[in-house]
Amino acid sequence: MSTNVDSGPGNNLIRDYGKGIVLQNENIASVLEKHIGNSGELAFILEHIGYLPSTFDVDSILPLLHNKSDSVRFQTVRIIGKSKSEKYLELLYKIAIEDDSSMVKREAVSSIGRMRTKSAIPLLKLLLGDKDPKIVCQAIRGLLVFKGDDEIDNLLKLLANHENEMISSVIRKEYFTTKTQERSICPHTETYPFLRNVIVNGDVLEVLKLVPNESFHLTFTSPPYYNARDYSIYPSYEAYLNFLDEVFKEVYRTTKEGRFLIVNTSPVIIPRISRSHASKRYPIPFDLHHYLVKMGWEFIDDIVWEKPEYSVKNRIGGFAQHRKPLAYKPNAVTEYLMVYRKKTDKLIDWNIHQYGSDVVEESRVPDGYETTNIWKICPKSDKVHSAIFPVELCRRVIEYYSFKGDLIFDPFAGSGTLGRTAKSMGRLFFLTEKEHKYVEYMKTFLSKTYLSEKIPTRFMTTEQFRNTI
């Protein structure tokens, strides 16, 4: 949009230079007055005001604090804060405790904090007792400007045990962060040579204990089903979850700071042994989530993998015949891809900036990417492995959550689809698989070495892997 507001002769007060409207002189009040009856236009003009001249009369816009539009009041408060004038501190405090809009109140607190003046400290202290945790967080943010002042530090530390999780986490991050593990000696974008394009035929826990801290950039896996297949027999559901807990704790240790774990699971049904017994359905993704968050993974997203109905087991057949209430059992056409990130104080941008611009550009996701969390992908059938990853599922995960040259890990590799896909997409892979027959199956396609391949695939036993380190 290229808009000139009141751009007639002699009144060229605000002009759009392509990046937003900027203030031309101190007579902005007259422009606002002409649009006083249109809240949308008022909010637009206020939002795009950039630099405030020293001659700008902030008092001229104070009547807008009584406008019925939350957006107008919000933008007015923002401009008052930009003035950095301490004479408005009491006014901003009054807005912070009296305005009807939480959005406006938060901006008032933020404006107080942005003034970075010691005169604001008493007001910010009072706002620490507000009932709205977002108001409290804004007050904390304003007080952290003075971090190092013993009185302020001691006051904020008391909030480490605040009943609100958001508030307590902010304080713990600022004052009580401790290193829980030794850092990797490898640069963030790199990994160890002995892990590159390696498949280990062995118990995942034994193998992972040999892997150094912060080795993997991305883990994508589908854990074995709980007693729903011949290859996964556990004495109890609790034992099954405890096993996964041990595995993903090791995955956490071996994952690079701030990088991702994606777990593909779904509820499973243990069939009844006779008509006089009931089958049982276990909500694996929902029960596993608690374990993952407790060990430090931060939940990011839930992606639903939707399959065609013809490809899944028919559970609705009996109900379709009699239609009796209580007996409804829908066909399960979905699985979950639960997305987690290793806890870190650093933002995603920090991770991205570790890579050179050439790698970032080469790894850019092309057009045609999925825009929703519903991924419609046909399952893959296989005569050797009963639950094989579709290549398309692997491709999306690798493309959306890694850079070229990254090391991708699958602790339950199965037929090795993730490794094959990673290799084709310019990534490295490290796979573990306990079943010898699946490793032999992987050799039929992953052992092929091409002339352009810099790092050939290596197959090892646990002992052979140990000897390479």
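All of these numbers come straight from a predicted model, not from anything done at the bench. Side-chain atoms are counted along with the backbone in the values below, which use heavy atoms only and exclude waters and symmetry mates.
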Please round to the nearest 0.5 Å and tell me the distance separating atom CD of E190 and atom CG of L195.
13.0 Å
With sequence neighbours excluded, residues passing side chain to side chain contact (heavy atoms under 4.5 Å, CB included) with E246:
L205
What is the ring orientation for W375 with Y400, classed by angle as parallel under 30°, tilted 30 to 60°, or perpendicular over 60°?
perpendicular
Residue list, ring-ring contact (aromatic ring centres under 6.0 Å, His included) with F146, at least two apart or on another chain
none
Contacts of type side-chain hydrogen bond (donor to acceptor under 3.5 Å, both in side chains), residue K404, not counting sequence neighbours:
none
Rounded distance [0.5 Å steps], OG in S363 versus CD1 in I352:
10.5 Å
Under the criterion side chain to side chain donor-acceptor pair (under 3.5 Å), I'd like the reasoning laid out for D132 against S102: C-alpha separation, chi angles, the key distance, then a yes or no.
CA-CA 8 Å; D132 185 342; S102 176; 3.0 Å; yes
How many angstroms lie between atom CD of E399 and atom OG1 of T421, to the nearest 0.5 angstrom?
11.5 Å
Excluding sequence neighbours, so at least two apart, what forms side-chain hydrogen bond (donor to acceptor under 3.5 Å, both in side chains) with D130?
none
For F319, does the six-membered ring have the charged nitrogen or CZ of K329 within the cation-pi criterion, i.e. under 6.0 angstrom from the centroid and within 45° of the normal?
no
Salt-bridge present (E361, R364; N to O < 4.0 Å):
yes
Taking the six-membered ring for Trp, are the ring centroids of Y336 and W305 within less than 6.0 Å of each other?
no
Using the ring centroid of each side chain, check whether F389 and F220 are separated by less than 6.0 Å.
yes
Does H289 have any ring-ring contact (aromatic ring centres under 6.0 Å, His included) partners at least two apart in sequence or in another chain, and if so, which?
F299, Y340
Go through the structure and list residues passing side chain to side chain contact (heavy atoms under 4.5 Å, CB included) with A96, not counting sequence neighbours.
A108, V109, L127
A cation-pi test, strictly: NZ or CZ of K105 under 6.0 Å from the centre of the six-membered ring of F74 and no more than 45 degrees from its axis. Yes or no?
no
